[in-house]
Asker: 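One structure, pasted below without further comment.
Residue numbers start from 1 in every chain, and the chains themselves are labelled A, B, ... in the order their sequence lines are given, proteins ahead of strands.
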Amino acid sequence: MFGLTEGGSSVLVRVHHFYHYFYLPVTDGIQPEALAEAINRRLWNDKTVPRDRTVVTNVEITTKRSIMYFIPGDPEVKFYKITLLNPRHTKDVARILQRGGLSVKKPNDVTAKLPELPTFESTLDYLLRFMIEVGLVGCSWLTLPAGKYTITEHKKSLLQVEIDVHANDIIAHNPEGKWLRTAPLRRLSFDIECAGRKGIFPEPEHDKVIQIANYVWDHGHKKPIAQVVFTLKSCAAIVGADVVSYENEEELLSAWARFVRLTDPDILTGYNIVNFDLPYLLDRAAQLKVADFPLLGRMIGQPTTMRKTRMSSSAFGTHESHAFSMHGRVIFDMLQLITREYKLRSYSLNSVSAEFLGQQKEDVHYSIIGDLQRGDEQTRRRLAVYCLKDALLPVRLMDKLMSLTNYMEMARVTGIPLGWLVSRGHMIKVVSLLHRKSHLVDLLIPDIKRSGPEGGGGDGPQFEGATVIKPEKGYYKDPIATLDFASLYPSIIMAHNLCYSTLVRPVHLAHMKPEDLSKSPSGASFVKRSVKKGILTKILEELLAARKQAKKDLKAAKDPFLQSVLNGRQLALKISANAVYGFTGASVGKLPCMDISASTTAYGRQMIDNTRLEVEKRYKGATVIYGDTDSVMIKFGNGKSLEECMRLGEEAAEAISSIFPKPVKLEFEKCYYPYLLISKKRYAGLLWTNTEKYDKMDCKGIEAVRRDNCRLVANVISSVLEFLLKKRDLQQAISMVKKVISDLLQNKIDVSLLVVSKSLTKTDYENKQAHVVLAEKLRKRDPGTAPAIGDRVPYVITKGRKNEPAYSRAEDPLYVLERNIPIDNNYYLENMLRKPLERIFEPVMKSSVNSLFVGEHTRTISVVTPKKGGMAKYTKVRLKCLGCKAPINEGALCAYCVPKEAEHYTKNLNTMVKLEKAYSSLWTECQRCMGDICHDVLCSNGDCPIFYRRRKAQIDLNAASEKVSRFGLDW
DNA sequence: GCTGGGGCCTAA
DNA sequence: TTAGTTAGGCCCCAGC
């Protein structure tokens with residue numbers, strides 16, 4: 001175990017005498033010793049282990065029950081507890097028993113062949129088994145009593161203290177009271193820069209690592225311990241940071257690895273370090289044969305290794321990733337964390353920093369990095385400042401988002417180690433909770449057979465889900481009350497005692513008293529809690545009780561650090577409670593049980609139906625206009641005031657709650673007033689929780705909150721909704737839309753607002769799609785920077801050739817900007833803006849919605865000649881007179897316009913001056929953003945609207961000054 | 001021009 | 001070696 005003492009010294013605790021084990025149901029007549037011998041012999045014969053090795057050290061008979069099914073009379077069952085010397089062989093031993101055919105000697109000397117047998121808990125991780133048995137949860141404190149441990153003399157690790165202890169002597173503490181606070185874990189945040197060949201994205205086989213910037217910052221401290229940047233070649237001094245320069249790359253790498261060992265962080269962080277910085281460094285060091293570089297872990301002489309992984313889940317999507325063996329340090333990549341926890345349009349460090357920290361960073365394109373490196377110590381300093389910022393931002397994000405605090409609390413609440421929260425999915429949390437609770441009451445968890453890839457699983461839904469009430473679409477000027485079931489699925493599981501351990505199989509139903517049973521609407525039977533309380537019920541009750549307590553403590557807490565810990569805890573408890581239902585329904589999981597999940601949703605469907613009936617029965621003139629899963633939206637009648645609506649909602653929630661079993665609770669939470677209901681899962685309204693002032697505008701499922709359209713659409717829809725709901729001014733909404741349409745058709749909209757981004761989710765697609773086709777195109781342009789699976793691909797739709805399909809007209813926004821490729825404005829209007837606008841205006845407009853899209857404002861302005869494709873290739877661009885656009889051969893004006901030269905010249909000059917001003921103000925804005933008004937702006941941040949405007953301004957300015965120069969009046 | 005299904009993303 | 005669930009809207013491609 002790696003950790004810290006109260007005084008802040010780092011400690012490695014080496015735990016001895018804890019052996020892994022699992023269970024097997026007893027076969028009559030087979031003695032434990034004989035079973036142990038048979039298994040060991042089989043392992044020798046199979047040459048799994050050499051003959052001098054004893055794998056199974058002990059088998060004993062214990063009395064337990066399986067967690068699966070309630071059996072009439074709830075009889076105890078005998079199991080062999082099979083203990084192994086080394087957990088590594090658990091799988092081999094379990095497999096021998098599962099397959100059957102093991103020859104075991106009976107006491108009467110007859111040899112019996114074991115049948116195929118189910119094993120129990122052999123897949124439980126050894127580490128988790130240890131923690132459960134000792135009562136230890138992740139990120140918690142433990143005591144080693146004086147005299148019960150020894151301090152190791154010959155250390156094998158980098159930690160300050162190394163201790164040997166017997167597993168039985170460890171005293172674990174619940175993270176409460178005195179043990180609530182967390183240890184000040186040391187974080188090292190780093191970022192690398194690399195460059196070599198011009199214009200090519202760096203590859204570790206060819207391109208050097210030129211800088212590594214670092215922040216060492218203990219969690220909970222106000223200031224960093226160190227800010228260090230390692231550079232290749234000299235670098236001018238940076239105030240507040242240490243600069244260490246090397247002439248040779250091998251030395252640089254070796255020195256950084258030494259720095260890691262010296263600062264010895266508990267947590268390694270950064271942005272995309274898992275899939276870029278760390279693999280790059282390890283590959284590069286291998287290439288250069290820097291032997292001591294991989295020694296980044298805390299165990300002396302144990303190098304860090306890396307392997308590629310591919311994780312996919314419906315929750316996180318598919319991601320190709322890397323796994324590292326780095327003992328004693330948790331790799332906490334902020335990119336990974338943020339993609340998991342937040343749904344954003346873009347996950348670039350820039351965009352994420354803007355979103356959460358309100359600050360941008362200079363985004364230096366990789367092609368410029370090489371030039372800065374090849375310059376002098378000043379340009380390298382420039383790069384180092386940039387690199388340091390990239391190392392700082394991840395720590396800032398971690399603190400701002402409370403990521404570490406929240407994750408540590410999640411580790412405590414679910415009992416798993418911190419690192420697992422980053423490297424594994426949601427299921428492991430429930431597995432841990434299930435094992436912990438089961439262990440206390442002698443229930444065993446079966447190892448379920450893995451069905452093959454095409455086995456039991458399959459693609460479609462495995463059971464019926466929730467009800468979505470058919471919406472009465474429209475715009476409601478009356479207040480709409482919303483009633484919600486609080487924690488619906490957890491409360492159903494508790495109310496009906498749904499659990500693995502309470503499920504009764506059909507064959508046993510006849511042997512049970514009917515009054516002990518309840519049958520769910522989906523047909524499964526469970527025993528009532530008076531007979532046996534389910535494990536899931538217990539887990540959920542404890543989670544919810546703990547959450548109540550955490551919220552209470554949070555209110556009472558004065559210290560902001562403790563407040564954040566407690567807030568993290570109540571959040572973790574809520575997430576964990578909600579994960580239980582999903583776990584039972586995860587068909588490819590550790591312990592799926594469709595009877596539980598299908599019953600849960602079936603009860604839910606019944607409850608929402610009943611709620612609706614009750615509301616409409618009890619309140620004359622009330623209608624449930626919509627509802628989804630756990631909520632109903634009620635219109636109590638015409639002309640009701642907000643106060644009345646709230647009072648009725650309150651009353652209805654209270655009254656109707658009583659018809660459901662405890663702890664189910666229907667709550668009145670809010671009113672929508674006014675309310676726009678577009679369709680199932682799509683609505684918007686002003687949300688009121690008091691009668692004084694609305695809380696906010698709430699949008700669900702509408703384009704304004706979706707990430708699969710461009711910002712222009714989201715912004716316009718948001719504004720329209722604001723006009724309609726807040727100001728209730730249809731005319732203003734209409735004129736705003738007309739203005740946007742007019743701007744769009746006249747090319748006045750920023751490219752950044754037209755960028756669409758979609759996730760690349762797989763490799764083989766059936767149909768062609770814009771983001772997929774573009775990703776392929778980009779791969780051909782530059783394989784190094786092309787989007788990978790799991791990335792979001794940004795694009796704009798260009799004009800392209802005539803009749804060219806939309807998917808092949810998608811183009812990289814930066815590419816479009818640089819080459820001045822025309823954008824298909826009409827496509828944006830007709831295919832992206834029109835339908836969403838129609839859907840929103842339709843319920844509120846008396847006249848035809850079509851009027852929005854015809855008229856003066858839809859006049860198109862002629863656009864620049866396409867530079868590529870179409871006929872442009874074959875036509876030579878001819879000069880045109882700047883006065884009357886007549887073709888001319890040279891100069892600025894045709895013969896007719898020459899007399900007015902002074903006038904035309906002044907006009908063009910004024911235009912140029914105006915553009916110059918616009919450009920320079922954008923330039924200043926960028927300089928301000930990068931925090932340096934003395935240097936060139938190097939930023940090319942594809943997420944920043946200013947960047948697009950600045951580039952566009954530059955292009956326009958160049959065109960204008962080109963025109964002015966054609967007059968040949970060089971002053 | 002219509003329809004079905006793939007794909008994406010969201011609600012809960 | 002690993003992955004929480006179903007319901008549902010809507011855009012676009014592909015095929016007729």
Side-chain angles (χ1 to χ4, degrees), chain A residues 91 123 125 307-319 321 323 343 345 420 423-431 450 453 457 459-471 473 484-485 487-489 575-594 596-598 600-602 604-605 608 626-631 678-683 698-709 713 756-762 764-773 792-793 797 805-808 810 827 830-832 834-836 838-839:
Chain A
K91 220 175 162 184
T123 54
D125 192 281
R307 69 188 161 79
K308 285 190 173 154
T309 62
R310 191 177 162 143
M311 200 174 89
S312 76
S313 75
S314 51
F316 303 145
T318 304
H319 288 280
S321 185
K343 290 200 179 301
R345 284 176 177 268
W420 290 14
S423 63
R424 309 180 64 168
H426 278 144
M427 280 220 281
I428 187 64
K429 302 181 205 171
V430 184
V431 169
R450 321 188 61 81
D459 268 345
Q462 306 291 302
F463 58 93
E464 195 181 338
T467 298
V468 183
I469 294 172
K470 190 161 171 271
K473 302 177 190 180
D484 287 81
F485 285 105
S487 304
L488 179 68
Y489 287 172
I575 296 168
S576 303
N578 286 331
V580 170
Y581 150 77
F583 175 83
T584 66
S587 52
V588 188
K590 270 276 152 72
L591 198 62
C593 182
M594 296 309 151
I596 298 174
S597 38
T600 307
T601 55
R605 291 192 299 274
I608 199 174
Y626 179 58
D628 185 347
T629 310
D630 61 352
S631 65
I678 305 226
S679 63
K680 285 185 177 179
K681 301 196 187 279
R682 287 174 177 233
Y683 60 81
D698 200 18
C699 292
K700 299 289 185 193
I702 295 176
E703 282 72 14
V705 296
R706 294 181 66 87
R707 298 181 294 168
D708 52 358
N709 51 52
V713 174
V756 183
S757 77
K758 285 187 183 169
S759 297
L760 198 61
T761 58
K762 47 177 173 174
D764 282 318
Y765 280 88
E766 297 276 342
N767 295 339
K768 296 190 166 170
Q769 290 184 85
H771 67 295
V772 181
V773 173
R792 294 185 69 81
V793 186
I797 300 293
Y807 58 78
S808 77
Y827 182 89
E830 292 299 329
N831 298 55
M832 300 203 189
R834 188 173 191 130
K835 289 266 172 60
E838 281 174 353
R839 284 192 290 268

Asker: Starting at CD of A:E464 and ending at P of C:dT6, how long is that distance when rounded to a whole Å?
Answerer: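 In whole Å, C:dT6 P and A:E464 CD are 12 Å from each other.
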Asker: C:dG9 P sits how many Å from A:R839 CZ, rounded?
Answerer: 11 Å
Asker: Run the salt-bridge test on A:D628 and A:K681 with the 4.0 Å N-O cut-off and return the result as yes or no.
Answerer: yes
Asker: Answer yes or no for A:K762 and A:Y765: cation-pi contact, defined as NZ/CZ to six-membered ring centre under 6.0 Å and angle to ring axis within 45°.
Answerer: yes
Asker: What's the separation between atom NZ in A:K473 and atom NZ in A:K470, rounded to the nearest 0.5 Å?
Answerer: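 One finds 8.0 Å between NZ of A:K473 and NZ of A:K470.
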Asker: How many whole angstroms separate atom CZ of A:R424 from atom P of C:dA3?
Answerer: 6 Å
Asker: With a non-hydrogen cut-off below 4.0 angstrom, is A:F463 in contact with a base, only sugar-phosphate, or nothing?
Answerer: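 A:F463: backbone/sugar contact only, no base atoms under 4.0 Å.
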Asker: Need one value for A:S597: base, sugar-phosphate or nothing, where a base atom within 4.0 Å counts as base even if backbone is also close, heavy atoms only.
Answerer: nothing
Asker: For DNA chain C, just give me the dot-bracket, please: Watson-Crick or G-U, both distances below 3.5 Å, ( ) intra-strand, [ ] crossing earlier pairs, | paired with another strand, . unpaired.
Answerer: ....||||||||||||
Asker: Side chain of A:K680 only, heavy atoms from C-beta on: which candidate in C:dG8, C:dC12, C:dC11 is closest?
Answerer: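 Closest nucleotide to the A:K680 side chain: C:dG8.
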Asker: Kindly write out the residues that satisfy side chain to side chain contact (heavy atoms under 4.5 Å, CB included) with A:E464, not counting sequence neighbours, or none if the list is empty.
Answerer: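 A:R605.
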Asker: Rounded to whole angstroms, how far apart are CD1 on A:I596 and C1' on C:dT5?
Answerer: 14 Å
Asker: Write down the distance between CZ (A:R834) and P (C:dC10), rounded to a whole number of angstrom.
Answerer: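 Rounded to whole Å, this separation is 16 Å.
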Asker: Without decimals, in angstroms, what is the distance between A:Q462 CD and C:dA3 P?
Answerer: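 Atom-to-atom, A:Q462 to C:dA3, this comes out as 17 Å.
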Asker: Answer with yes or no whether the side chains of A:Y683 and A:S679 bring together a donor and an acceptor at under 3.5 Å.
Answerer: no
Asker: Can you figure out which of C:dC12, C:dG4, C:dA7 approaches the side chain of A:V468 most closely?
Answerer: C:dA7
Asker: Would you give a per-nucleotide map of nucleotides 5-12 of chain B, 5' to 3', where B means the base has a protein non-hydrogen atom under 4.0 Å away, S means only the sugar-phosphate does, and - means neither?
Answerer: -SSBBSBS
